[in-house]
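Data block below; observations after.
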Amino acid sequence: MRRALIIGNWKMHKTVAQAVGFARELSAGFTARADRDVAIAPPFTALHALSAVLKDTAIALCAQDVHWELEGAFTGEVSAPMLLEAGCRYVLIGHSERRRGSGESNEDVNRKAKAALRAGLAPVICVGETLDEREAKQTFSVIRRQLKEGLNNILADDIGRAIVAYEPVWAIGTGKTATPGQAEEVHDFIRQFLERMNGTEIAAGTCILYGGSVNPDNAGSLMAQKDIDGLLVGGASLDAGSFRKIIDY
Ligand code: PGA
């Protein structure tokens with residue numbers, strides 16, 4: 001059985017002091033559950049401090065991006081070994097805000113995913129269509145291409161450690177969540193794609209997250225879907241109380 005995974009993506013929110021306060025609040029009275037993993041993705045600056053606060057808790061750390069090189073003249077970038085040392089277990093790759101805002105291509109996503117896997121991090125590879133693409137009935141072709149190019153040449157042994165996040169761009173930060181049925185339709189498509197690519201066993205074991213306006217009220221109905229294995233939560237993860245309700249869906 002797949003374990004659920006809920007990740008709070010803070011984006012560019014919270015100073016170190018605010019992040020530490022949140023982590024203390026969230027971890028107080030938080031007990032690990034056998035059926036689910038929880039992680040938060042703070043800005044890079046807060047990773048180190050949070051790793052100390054969360055050390056003895058079941059809450060893991062996720063970075064929001066990674067560079068594919070190990071080191072070098074790449075101003076502003078952070079490598080996978082650096083993230084591992086800072087205490088990360090996961091790293092988001094190809095979030096739509098980076099695809100759109102920083103011109104990140106499927107090829108970049110592929111290089112980043114390989115670098116993460118090489119370093120021992122679990123890449124969370126984000127895919128999703130825009131509203132125009134959905135309206136033009138291109139959802140499946142867009143997702144297929146993002147997966148095909150993003151996962152290109154990743155060995156079957158490694159692919160089992162990768163996580164896919166379906167985040168329809170039109171649902172991110174808009175309050176317009178995909179209905180559980182709309183999300184499940186794409187999750188099912190993603191699992192079938194993974195099955196054709198890597199076989200039934202790996203596809204059945206891959207964790208596929210949904211993201212886009214998840215909140216405490218819709219988390220349960222999304223998680224009830226057969227192929228929705230977890231949630232990538234933006235806005236609603238910024239408040240410890242609301243994130244706690246989502247974790248406890
Ligand atoms: P949202 O963001 O929950 O605020 O829509 C989700 C995400 O971008 O990961």
Side-chain angles (χ1 to χ4, degrees), residues 1-9 32-41 58-66 80 83-84 88-96 109-110 112-114 116-117 119-128 143-144 146-148 150-151 154-168 171-172 177-178 180 182-212 214 218-234 236-237 243 246-249:
M1 267 313 283
R2 299 184 288 272
R3 282 165 71 82
L5 170 62
I6 294 116
I7 302 178
N9 173 16
R33 292 176 57 164
D35 64 344
R36 63 195 69 175
D37 291 316
V38 174
I40 45 188
I59 303 165
L61 276 181
C62 176
Q64 296 181 16
D65 188 28
V66 64
L83 296 176
L84 196 70
C88 292
R89 187 188 304 170
Y90 309 95
V91 56
L92 304 182
I93 294 179
H95 190 283
S96 65
V109 169
N110 184 246
K112 291 180 176 199
K114 286 176 178 160
L117 286 163
L121 293 166
V124 180
I125 298 163
C126 304
V127 297
I143 306 281
R144 185 186 301 113
Q146 288 173 336
L147 288 174
K148 192 160 175 266
L151 300 176
I154 294 181
L155 301 175
D157 281 357
D158 285 338
I159 204 93
R161 288 189 289 128
I163 293 156
V164 176
Y166 169 54
E167 296 207 300
I172 295 178
T177 324
Q182 280 174 322
E184 171 60 23
E185 187 184 28
V186 180
H187 280 237
D188 176 61
F189 173 83
I190 293 171
R191 200 168 314 278
Q192 286 183 39
F193 177 92
L194 295 173
E195 192 169 332
R196 279 195 304 281
M197 194 173 166
N198 305 301
T200 314
E201 200 179 324
I202 285 173
T206 303
C207 185
I208 309 176
L209 314 182
Y210 168 80
V214 173
N218 60 28
S221 56
L222 288 160
M223 286 303 293
Q225 302 299 307
K226 181 169 73 60
D227 292 292
I228 299 186
D229 308 313
L231 303 166
L232 183 51
V233 188
S237 73
F243 190 50
I246 294 173
I247 295 168
D248 291 336
Y249 64 87

Review point. Taking side chain as C-beta onward, heavy atoms only, is Asp227 less than 4.5 Å from Ile190?
Key: no
Study note, to complete from the structure: CD of Gln182 to OH of Tyr166, rounded to nearest 0.5 Å, is 7.5 Å
**Study point:** Single hit among Asp229, Asp35, Thr206 for side-chain hydrogen bond (donor to acceptor under 3.5 Å, both in side chains) with Arg2
**Key:** Asp229
**Study point:** SB check Arg191 Asp188 (cutoff 4.0 Å)
**Key:** no
Review point. Does Gln64 reach the main-chain N or O of Ala41 with its side chain, forming a donor-acceptor pair under 3.5 Å?
Key: yes
Point to revise | Minimum side-chain heavy-atom gap Lys114-Ile154 below 4.5 Å | key: yes
Exercise for review: Name all residues meeting the ring-ring contact (aromatic ring centres under 6.0 Å, His included) criterion together with Phe189; count only those two or more places apart in sequence or in a different chain, and write none if there are none.
Suggested key: Phe140
Review point. For Leu117, does its backbone N or O pair with a side-chain atom of Arg161 as donor and acceptor, under 3.5 Å?
Key: yes
Exercise for review: Please report the C-alpha distance between Ile125 and Val109 in whole Å, then the side-chain angles of each, then the deciding distance to 0.1 Å, and finally whether the side-chain contact (heavy atoms from CB on, under 4.5 Å) criterion is met.
Suggested key: CA-CA 8 Å; Ile125 298 163; Val109 169; 3.9 Å; yes
Review point. When you check the gap from the basic side-chain N to the acidic O, do Asp65 and Lys112 get nearer than 4.0 Å?
Key: yes
Study note, to complete from the structure: Nearest heavy-atom contact between Ala116 and Pro123 is CB-CB, 4.1 Å
Check your understanding: With respect to Leu232, which candidate in Leu5, Ile6, Leu92, Val214 satisfies the side chain to side chain contact (heavy atoms under 4.5 Å, CB included) definition?
Key -> Leu92
Practice item. Mind telling me whether His187 and Tyr210 have parallel, tilted or perpendicular rings, with 30° and 60° as the class edges? Key: tilted
Review point. Ser221 and Asn218: which non-hydrogen atoms are nearest, and at how many Å?
Key: OG-O, 3.2 Å
Practice item. Could you walk me through whether Leu231 and Ile7 pass the side-chain contact (heavy atoms from CB on, under 4.5 Å) test, one step at a time? Key: CA-CA 6 Å; Leu231 303 166; Ile7 302 178; over 6 Å; no
Review point. Can you tell which of Leu61, Leu83, Val124 makes a side chain to side chain contact (heavy atoms under 4.5 Å, CB included) with Val91?
Key: Leu83
Check your understanding: When rounded to the nearest 0.5 angstrom, what is the spacing between CE in Met223 and CD1 in Ile228?
Key -> 8.0 Å
Practice item. Heavy atoms only: give me the nearest Leu84-Ala119 pair and the separation to one decimal. Key: CD2-O, 3.2 Å
Revision key, fill the gap. Of all heavy-atom pairs linking Tyr249 and Ala219, the shortest is CB-CB, 4.0 Å
Check your understanding: Can you find a heavy atom in the side chain of Ile40 that is under 4.5 Å from one in the side chain of Cys62?
Key -> no
Review point. Would you say Met197 and Ile202 make side-chain contact, with heavy atoms under 4.5 Å?
Key: no
Revision key, fill the gap. Closest non-hydrogen atoms of Pro180 and Leu222, given as atom of the first, atom of the second and distance, are CA-CD2, 4.0 Å
Check your understanding: For Glu184 and Lys226, what are the C-alpha separation, side-chain angles and deciding distance, and is it a side-chain contact (heavy atoms from CB on, under 4.5 Å)?
Key -> CA-CA 7 Å; Glu184 171 60 23; Lys226 181 169 73 60; 3.9 Å; yes
Check your understanding: Which value, rounded to the nearest 0.5 Å, describes the distance between Arg196 atom CZ and Arg144 atom CZ?
Key -> 7.0 Å
Exercise for review: Mind checking the OG-CD1 spacing from Ser237 to Ile246? Nearest 0.5 Å is all I need.
Suggested key: 7.5 Å
Check your understanding: Which heavy atom of Ala178 sits nearest a heavy atom of Pro168, and at what distance?
Key -> CB-CG, 4.3 Å
Revision key, fill the gap. CD of Gln146 to CZ of Phe193, rounded to nearest 0.5 Å, is 11.0 Å
Check your understanding: Any side-chain heavy atom of Asn9 sitting closer than 4.5 Å to one from Val233?
Key -> no
Review point. What's the spacing between Ile247 CD1 and Asp37 CG if we round to 0.5 Å?
Key: 11.0 Å
Check your understanding: Taking the side chain as C-beta and beyond, is there a heavy-atom pair between Val164 and Leu209 under 4.5 Å?
Key -> no
Review point. For the side chain of Arg3 and the backbone of Ala34, is there at least one donor-acceptor N/O pair under 3.5 Å apart?
Key: yes
